[in-house]
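The block underneath contains the structure these notes are about, expressed in structure tokens.
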Amino acid sequence: MTQKYRKILVTSALPYANGSIHIGHLVEYIQTDIWVRFQRLCGHSVTYICGDDAHGTPIMLRARKEGLEPDRFISRMNQEHQQSFARFGISFDQYYSTHSPENRELCELLYSRLSAAGCIEQREVEQFFDPVENIFLPDRFIRGTCPNCKSPEQYGDSCEICGKTYDPTDLINPKSAVSGATPERRKSPHFFLQLEKFRNALQSLIGSGFTDETVARKLAEWFGDRLKDWDISRDAPFFGFEIPGHPGKYFYNWLDAPIGYLAGLAKFLHGNAADALEFWQDPDVEIYHFIGKDIVYFHALFWPAILIASGLHPPRRLFVHGHLTVNGEKMSKSRGTFINADQYARFLDPQWLRYYLATRLTATPADLDLSFDDFTARVNSELVGKLANLISRCAPMLSRNLDGKTGIPLADALPLIKEIREAQATVTQLYEERNYAGVTRLICQLADKANKYVEDQAPWTLIKKDTEAARGVLTAALECGRILTLYLKPILPTYAEKVEACLRLEPMKWSDAVNSMPSQTINPFEHLITRIDERRIQAMLQDNSDAALPPTGAPSTDPAAAGTAAAPVHAAATAAIEEPLAPTCTIDQFAAVDLRVARVLEASAVTESDKLMRLVLDAGPLGKRNILAGIKKAYTAEELTGRLVIFCANLAPRKMKFGVSEGMILASGPGGAEVFLLAVDSKASPGQRVH
RNA sequence: CCGAGGGUAGCUCAGCGGUUAGAGCAGGGGACUCAUAAUCUCCGGGUCGUGGGUUCAAAUCCCACCCCUCGGACCA
């Protein structure tokens, strides 16, 4: 288990400060965070840097629309982003911004090195210019008629109708999407990075495991032709950094964005450009960028070229992930599957998403699907049913009957415990390779075995004959649960904390897998994690409000706080959940349900159950009916006896643990103590049908 | 049009040259009652996209075709 101490620098891509964080973004941050937490748990030094990509025309325009100065706008957005990330437990060491003095210094420094290296070329470019707004227009801000199929209102780069691509200057009757004015053509000098000069360096970089093979194959396509020069400048007015010595010229934000990784590092080091570069150049530091497959081009070509030209080394590896789809399709606002991070957190536990995404994440850049049915099934059956259940079935038994004292695992459990411990090598490798799907699969298999062990030993029976043997079984089971929780800790830090609290453990480290749990008195058991109620998902999907979240603590750049700041904001939403309207039914379908009035003749609580009441109903001509109803927490036997109720009389009888139930009483409410029986006016008589 | 990835049980996927193709979930039967109705057990369920080929042996390798996803082809 002795492994070399590693120094690792990790980044996630900088989200654009133009909008909120959505669950598509979260794939990357959760993927990165799991890896980062895993490495930290192993005792390695990890620096996790991120921040907002805060420059560019879209941001300038968006700020203008909101009547704010760009600085104000992006600082507000930065706060919002940090809060969203904190809710999902993303443990950045530094969350910063490309609009920062450190980044300006670094951009100017690297640009001067690029210039000195002779790989910047200046030449004239003709572009559309909006004479009303006084800005040069990016292609996507120009609309016009397609020169090919004549469809109106097409973007400046390609036609959505016929698929033809063209230059914005080819558009018939072009208009500015910003002001509606007819744009003029204007020429202005631009600066280009001559990428072709780095062909050999880039090819050898990519040929040496910079990305995984599928990405490398894709990249190989780019080398087929001459690598095109990259326009790194933009004309004023532009929200960004002015290029020194060239008034009215700004760095394109895709130049300063990756440099923003270095700026975040500088900020983290409480230093300047030189400190960041020194850290970056430390040959012992492993540098990894987690990115989406959409920005491979920038990170595999431009960014390494910038670094190499500046006399810096490229990062060690790029970890590329796919995009998120929801229920098999691209996220879409019209389909209601475009889900913001805060919207999710208002209704659902962030841990569920962390777990579910983990079960679907591998090292490949394949897209992954969030299917809500699968999401519910896996969280409920795996996370709650297997993993949490292993502890929740043992800890309370130990507390109730054996003074909560753990002992020594029973000898027959040792092979199982050994097997779980030995799995750590595989778990480690799977995490390292970012195969979290493999991690969760393996953990579930082990949890199955541990549950089977408990089942086979039946400590609830054993405890009557041999308390110490029962203690040994429960200790063994808890030990299994404890190690499995450790294995899950990078994915579920909050859950792991709860287990640690329950078992009275110090925060576990990766090396604690092999150390036995101390013999001691555990704390009273507390609920570890809630199962998913599908109604919450429905409620979330129907929530279109952009309502602000109640404050859950100040956004924090303190990594220790980041993990705990994710308060369970969804809890308050429970009471307000609305059930979605069921699909329209026909009159015949409605008539198929035979509802009858009945009088409760007898009522008695089922002692072995915490929910069920046994009722005998007088349904008039239909005779007596035995019904088991889940209303024990809401009504007493006395309240029920003699009252009239409505029940479904033609429901198929259902065999339940405590007998057959011959119908269902009608009531409203979410359940538990909040069940409200339908009342009937007193003149109604048992057996009457409800129409 | 080019490229990449995928098509294996109802669903999500593992297996990627070698015993009768697996898991979880869902469905059905049984057991148990410690647990957040959870757990354990048994059962049903697959011409491994289609057609060829290589091989003693193919879900696994090769070729062709079909279908899905993503990317590129213009800008970056």
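This structure is a prediction, so every number in the text was calculated from the model and none was measured. Each chain gets a letter, A, B and so on, in the order its sequence line appears, and its residues count up from 1.
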Quiz item: According to the interplanar angle, ranging from 0 to 90°, do the rings of A:Tyr250 and A:Phe238 count as parallel (below 30°), tilted (30 to 60°) or perpendicular (above 60°)?
Solution: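 Taking A:Phe238 first and then A:Tyr250, their aromatic rings sit tilted (interplane angle of 30° to 60°).
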Quiz item: Aromatic rings A:Trp303 and A:Tyr261: how do their planes relate, parallel, tilted or perpendicular, breaks at 30° and 60°?
Solution: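 If you compare the ring of A:Trp303 with that of A:Tyr261, the planes turn out perpendicular.
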Does a side-chain N or O from [X] land closer than 4.0 Å to OP1 or OP2 of [N], or not?
X        : N     : answer
A:Arg378 : B:G24 : no
A:Arg400 : B:A35 : yes
A:Lys452 : B:U41 : yes
A:Lys386 : B:G24 : no

Does [N] pair with anything, Watson-Crick or G-U wobble, both distances under 3.5 Å, and if so, with which nucleotide?
N     : value
B:C65 : B:G49
B:U36 : none
B:C25 : B:G10
B:G18 : B:C56
B:G3  : B:C70

Distance between [atom1] atoms of [N] and [M] (Å, rounded):
N     : M     : atom1 : answer
B:A4  : B:A73 : C1'   : 14 Å
B:G72 : B:C63 : P     : 26 Å
B:G45 : B:G24 : C1'   : 15 Å
B:G28 : B:G44 : C1'   : 7 Å
B:U54 : B:U47 : P     : 26 Å
B:U8  : B:C48 : C1'   : 4 Å
B:C65 : B:A26 : C1'   : 34 Å
B:U50 : B:A58 : P     : 16 Å

Exercise. Assign each of A:Tyr356 and A:Asp448 to its nearest nucleotide of RNA chain B by heavy atoms, then name whichever residue's nucleotide is nearer the 5' end.
Key: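 Here A:Tyr356 is the residue nearer the 5' end.
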Quiz item: Between A:Trp254 and A:Ser371, who's closer to the 5' end of RNA chain B by nearest nucleotide?
Solution: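 Closer to the 5' end of RNA chain B: A:Ser371.
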Quiz item: A:Thr325 and A:Leu370: side-chain contact (heavy atoms from CB on, under 4.5 Å), yes or no, with the steps?
Solution: CA-CA 6 Å; A:Thr325 57; A:Leu370 167 59; over 6 Å; no
Using the side-chain heavy atoms of [X], tell me which of these nucleotides is nearest: [options].
X        : options             : answer
A:Lys228 : B:U36, B:C75, B:C34 : B:C75
A:Glu455 : B:A76, B:U36, B:U39 : B:U39
A:Asp367 : B:C13, B:C70, B:U36 : B:C70

Under 4.0 angstrom, heavy atoms only, what part of the nucleic acid is [X] near: base, sugar-phosphate, or nothing?
X        : value
A:Glu382 : sugar-phosphate
A:Asn380 : nothing
A:Leu528 : base
A:Leu390 : nothing

When the distance from [atom1] of [X] to [atom2] of [N] is rounded to whole Å, what number comes out?
X        : N     : atom1 : atom2 : result
A:Arg531 : B:A37 : CZ    : P     : 7 Å
A:Asp231 : B:C74 : CG    : C1'   : 15 Å
A:Asn389 : B:U36 : CG    : P     : 8 Å
A:Asp374 : B:A26 : CG    : P     : 11 Å
A:Arg471 : B:C34 : CZ    : P     : 18 Å
A:Leu387 : B:U36 : CG    : C1'   : 14 Å
A:Phe372 : B:U12 : CZ    : C1'   : 16 Å
A:Asp456 : B:C34 : CG    : C1'   : 14 Å

Quiz prompt | Gap separating the CD atom of A:Glu124 from the NZ atom of A:Lys187, nearest 0.5 angstrom | solution =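 Going from the CD atom of A:Glu124 to the NZ atom of A:Lys187 covers 6.5 Å.
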Quiz item: Is NZ or CZ of A:Arg378 both nearer than 6.0 Å to the six-membered ring centre of A:Tyr355 and within 45° of the ring axis?
Solution: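 No.
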Practice problem: Using the six-membered ring of A:Tyr252, assess whether NZ or CZ of A:Arg234 lies under 6.0 Å from its centre and within 45 degrees of the ring axis. | Solution: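 Yes, A:Arg234 sits over the ring of A:Tyr252.
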Practice problem: Please assess A:Lys452 against A:Asp448 for the test salt bridge (Lys or Arg N to Asp or Glu O under 4.0 Å), listing each intermediate value before the final yes or no. | Solution: CA-CA 6 Å; A:Lys452 177 169 163 48; A:Asp448 280 343; over 6 Å; no
Please produce a list of atom pairs where a protein N or O lies less than 3.5 Å from an N or O of nucleotides 4-10 of chain B.
unit_1 : atom_1 : unit_2   : atom_2 : d
B:G5   : OP1    : A:Arg217 : NH2    : 2.5

Quiz item: After noting the C-alpha distance and the side-chain angles of A:Arg123 and A:Glu121, does the key distance pass the salt bridge (Lys or Arg N to Asp or Glu O under 4.0 Å) rule?
Solution: CA-CA 7 Å; A:Arg123 59 174 188 263; A:Glu121 189 187 60; 2.5 Å; yes
Practice problem: Check the pair A:Ile30, A:Leu353 against side-chain contact (heavy atoms from CB on, under 4.5 Å), reporting the backbone distance first and the verdict last. | Solution: CA-CA 9 Å; A:Ile30 289 174; A:Leu353 189 68; 4.1 Å; yes
Quiz item: Is it true that A:Arg186 and A:Asp235 make a salt bridge, defined as a side-chain N closer than 4.0 Å to a carboxylate O?
Solution: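 No salt bridge links A:Arg186 with A:Asp235.
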Practice problem: Mark this stacking check for A:Phe298 against B:A76 as yes or no, applying ring centres under 5.5 Å and ring planes under 30°. | Solution: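 Whether judged by distance or by angle, A:Phe298 falls short somewhere, so it does not stack on the base of B:A76.
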